[in-house]
Protein chains: 2
Amino acid sequence: MGKGNHMRSVTIDDVAKKAGVSIKTVSRVVNREPNVRAATKEKVELAIKELNYRPNQSARGLAARRSYMIGLLYDNPSPNYLANLQSGVLEACHEKDYGLALNPVSFHDPDLIDTVVHWVRQSFIDGVVVTPPLTDSVPLLNALHAENIPAVVISSRGTGDAPAALIDEEAAAYEMTRHLIGEGHSRIAFIKGHPDHYASGLREKGYYRALREENLAVVPDYVQQGFFDFASGQKAASKLFDLRDRPTAIFASNDDMAAAVIFEAHSRKIEVPRDLAVAGFDDTPLSRQIWPGLTTVRQPIRSMGHQAADVLIDTLSAGKDAGKERRDLTQFDFELKLRGSTARA
Amino acid sequence: MGKGNHMRSVTIDDVAKKAGVSIKTVSRVVNREPNVRAATKEKVELAIKELNYRPNQSARGLAARRSYMIGLLYDNPSPNYLANLQSGVLEACHEKDYGLALNPVSFHDPDLIDTVVHWVRQSFIDGVVVTPPLTDSVPLLNALHAENIPAVVISSRGTGDAPAALIDEEAAAYEMTRHLIGEGHSRIAFIKGHPDHYASGLREKGYYRALREENLAVVPDYVQQGFFDFASGQKAASKLFDLRDRPTAIFASNDDMAAAVIFEAHSRKIEVPRDLAVAGFDDTPLSRQIWPGLTTVRQPIRSMGHQAADVLIDTLSAGKDAGKERRDLTQFDFELKLRGSTARA
DNA sequence: CTTCATGGTGACAGCGCTGTCAATAACCGT
DNA sequence: ACGGTTATTGACAGCGCTGTCACCATGAAG
């Protein structure tokens with residue numbers, strides 16, 4: 001039992017026969033190689049559709065000496081973030097007939113680099129998408145480059161020669177802070193993100209810039225260290241609440257910490273938004289599921305994942321599709337999502 | 001650029017030469033096939049180690065007509081649930097040198113079955129792990145069986161011949177309801193899950209059984225339909241709150257809906273747990289991030305994923321590794337997580 | 001001592017696809 | 001119309017591995 005699965009599936013030969021061309025021509029169409037007459041291409045594409053043909057990855061990999069798989073490198077910062085990103089990446093892979101191999105690693109693993117390089121070599125991974133916070137490991141990025149492993153990073157850091165998908169985090173944080181100021185707040189606290197994450201600094205920078213522009217003083221006590229997780233958010237919130245001159249608004253570097261602020265506020269009977277406005281960053285589902293709804297910054301995570309994979313795959317095929325030149329990633333737009341946690345008094 | 005990675009890797013021929021045997025014998029050793037003399041086996045294993053040989057998956061897949069990959073079929077019920085499950089499955093795959101291919105599909109897709117079968121055929125997926133709610137599509141399961149595609153389902157339904165990973169949902173709901181009763185509640189409402197999900201019925205059944213055992217009448221108005229999503233939870237909560245004889249406790253069939261109940265309660269100034277106790281099911285991170293913390297039922301999702309994949313892979317290798325017999329899945333334990341949302345008055 | 005079974009091994013033919021290269025068709029300018 | 005290009009296509013040889021089958025030892029059985 002189990003061996004099963006007899007039923008010869010559609011091969012390139014079937015398509016070739018049906019379209020009345022050689023298998024090589026079919027191969028050309030499938031791989032978007034140049035120099036195929038439009039009419040021929042159409043015939044082949046029709047046959048492909050009718051037979052519902054999909055190339056056999058193993059055969060492809062064997063012949064082309066690559067796996068037609070890209071890897072996703074991550075260190076699960078937040079399941080929501082990752083799930084979104086993954087689905088975007090997966091979508092792109094699907095469109096281009098690439099496979100996706102997942103590799104959860106640990107940022108703090110001392111032989112992170114060996115692990116990754118070995119993995120790529122063993123699995124014949126053609127290229128990798130690197131996600132935060134791994135994008136902030138300069139050694140890792142260097143190693144990938146040195147090993148000649150194509151990579152795209154999803155990061156706000158302009159990372160050397162690896163194409164990057166990003167939003168303007170500084171501007172987003174700036175806008176959010178300005179929004180808070182616009183709502184009449186002047187005692188605005190900030191909870192920083194994990195110091196290892198490059199994005200943390202950018203968000204912080206945006207916060208400062210907005211204060212400066214509005215001539216609001218930066219109160220050192222109002223800037224607390226957090227680490228992007230719920231618990232650190234609680235701790236930071238506690239400290240802020242214990243201040244003699246309690247802030248009227250708290251801007252946390254991500255939604256988890258912002259939720260923690262609201263959690264703490266509840267337990268101290270501080271009413272949000274009446275006594276305290278709270279804003280987050282990321283627009284995770286969580287921001288809609290807590291009460292009151294959390295004002296936050298939305299980034300098109302899914303699209304970013306999609307495009308990152310897209311660019312990576314294009315780069316990989318660049319050899320064949322001679323026309324294509326290396327496409328760098330454009331910057332994505334963010335959006336302020338205003339919800340109950342910052343509603344005007 | 002990009003093409004990179006030139007470095008002829010070690011092939012089976014190299015190993016064969018070094019060990020002084022034929023490639024077929026190396027293949028036998030690698031695949032743990034019987035009938036290789038111990039001495040020969042050792043020689044080969046030594047050569048493998050010295051050359052650091054790893055079989056090329058593409059070649060293997062092509063020749064053996066299987067991919068050494070298993071598929072994960074899902075219809076993203078909740079990112080948290082999925083992320084957990086996935087990481088368990090991934091772990092098992094890693095241990096057994098299998099790849100994981102993801103396939104997000106839609107439960108309501110009319111040609112779900114075609115899509116899936118085709119995918120399996122074309123990608124040469126060796127077997128699939130089916131997750132809820134797809135596990136409730138009897139046609140799908142039948143099709144997998146008919147098509148002779150090895151599958152394990154993670155479901156509470158004792159699904160015919162496909163091994164299943166499960167917890168006793170009925171008992172879990174029963175325990176939770178009893179807990180509520182034990183806390184002094186007698187007006188306990190229930191929000192049902194999606195009617196297409198088999199688990200929904202089981203949870204409901206557990207609720208009824210507890211009431212019956214305690215001689216509490218079932219109030220029809222107290223049982224509302226939900227669909228496992230936040231919005232449906234809000235709707236159901238609204239209806240319950242509008243009742244003249246409002247329940248003092250609400251048991252929702254999953255955490256998302258329970259969070260929605262709390263959300264609605266907040267917006268109506270109903271205080272949890274003072275005026276209302278709320279319980280959920282699943283122990284998603286959300287249950288710890290809302291205020292008050294949500295009492296819920298924890299299931300070892302990650303372990304379930306791990307074991308499901310484990311069993312599947314074992315089944316797949318059963319053909320070669322002759323000794324092994326098909327191992328069925330054991331039932332997993334659940335656990336009541338008591339938090340603030342049901343704290344005693 | 002022959003006759004089988006059976007353990008142990010290797011030769012060989014693909015698996016379905018892509019790279020190479022040669023063949024042919026279409027097009028260019030004069 | 002002719003030589004020279006360039007665009008388009010196909011024949012064919014593997015890629016590295018496993019399945020099949022044939023082969024040679026052994027040892028048990030007769």
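Sequence lines set the chain letters: A, B, ... in the order given, protein chains first and strands last, and positions in each chain run from 1. Here the structure is a predicted model, which is why all the values come from computation and not from measurement.
- If you measure from atom OH of A/Tyr68 to atom C1' of D/dC15, you get 12 Å, rounded to the nearest angstrom.
- The CG-P distance, from B/Asp13 to C/dG10, rounds to 13 Å in whole Å.
- Take the nearest nucleotide of DNA chain D for B/Ala59 and for A/Ile23: the residue whose nucleotide is more 5' is A/Ile23.
- Residue B/Arg28 places a side-chain atom within donor-acceptor reach of the base of C/dG10, judged by atom type and a 3.5 Å distance cut-off alone.
- Proximity of A/Ser27 to the phosphate of C/dT18: a side-chain N or O atom is located under 4.0 Å from OP1 or OP2.
- If you run side-chain contact (heavy atoms from CB on, under 4.5 Å) between A/Glu147 and each of A/Val120, A/Asn142, A/Val117, only A/Val117 comes through.
- Note: CZ (A/Arg65) to P (C/dT20) measures 11 Å, nearest angstrom.
- Within the 4.0 Å cut-off from OP1 or OP2 of D/dG16, not a single side-chain nitrogen or oxygen of B/Asn56 is found.
- Within the 4.0 angstrom heavy-atom criterion, only backbone atoms of the sugar-phosphate kind lie near B/Val21; the bases stay farther away.
- Put simply, the side chain of B/Asp310 never gets that close to the backbone of B/Ala92: no donor and acceptor are under 3.5 Å apart.
- Between A/Tyr53 and C/dC17, a side-chain N or O to OP1/OP2 separation shorter than 4.0 Å is present.
- Side-chain nitrogen and oxygen atoms of B/Asn35 include none within less than 4.0 Å of the OP1 or OP2 phosphate oxygen of C/dT6.
- In this entry the distance linking NZ of A/Lys17 with P of D/dT9 reads 20 Å, nearest Å.
- The side chain of A/Arg37 approaches C/dA26 more closely than any other nucleotide in the set D/dG19, C/dA26, C/dC15.
- Comparing D/dC15, D/dT8, C/dT18 by their closest approach to the side chain of A/Thr40 singles out D/dT8.
- Per the geometry, NZ belonging to A/Lys41 stands 11 Å off P belonging to D/dT8, to the nearest Å.
- Between the CG atom of A/Asn31 and the P atom of C/dT18 there is a distance of 5 Å, given to the nearest Å.
- Minimum atom distance to the side chain of B/Thr11 is reached by D/dC17, of the listed C/dC17, D/dC17, C/dT9.
- Within a 6.0 Å radius of NE2 in B/His118, more than 12 heavy atoms belonging to other residues, nucleotides or ligands are found.
- The backbone N or O of B/Ser67 lies less than 3.5 Å from a partner atom in the side chain of B/Asp126, making a donor-acceptor pair.
- Regarding contacts with the backbone of D/dG10, a side-chain N or O of A/Thr25 is found under 4.0 angstrom from either OP1 or OP2.
- Contact check, A/Arg60 against D/dC15: no side-chain N or O comes under 4.0 Å of OP1 or OP2.
- Residue contacts for B/Ser58: at a heavy-atom cut-off of 4.0 Å it reaches no nucleic acid atom on any strand shown.
- Taking atom NZ of B/Lys24 as the reference point, atom P of C/dA13 lies 15 Å away to the nearest angstrom.
- Regarding B/Leu62, its CG atom lies at a distance of 11 Å from the P atom of D/dT18, rounded to whole Å.
- Just one of A/Thr135, A/Val153, A/Ile113 meets the side-chain contact (heavy atoms from CB on, under 4.5 Å) condition when paired with A/Leu140; it is A/Ile113.
- Between the B/Ser27 side chain and the B/Ile23 main chain, no donor and acceptor come within less than 3.5 Å of each other.
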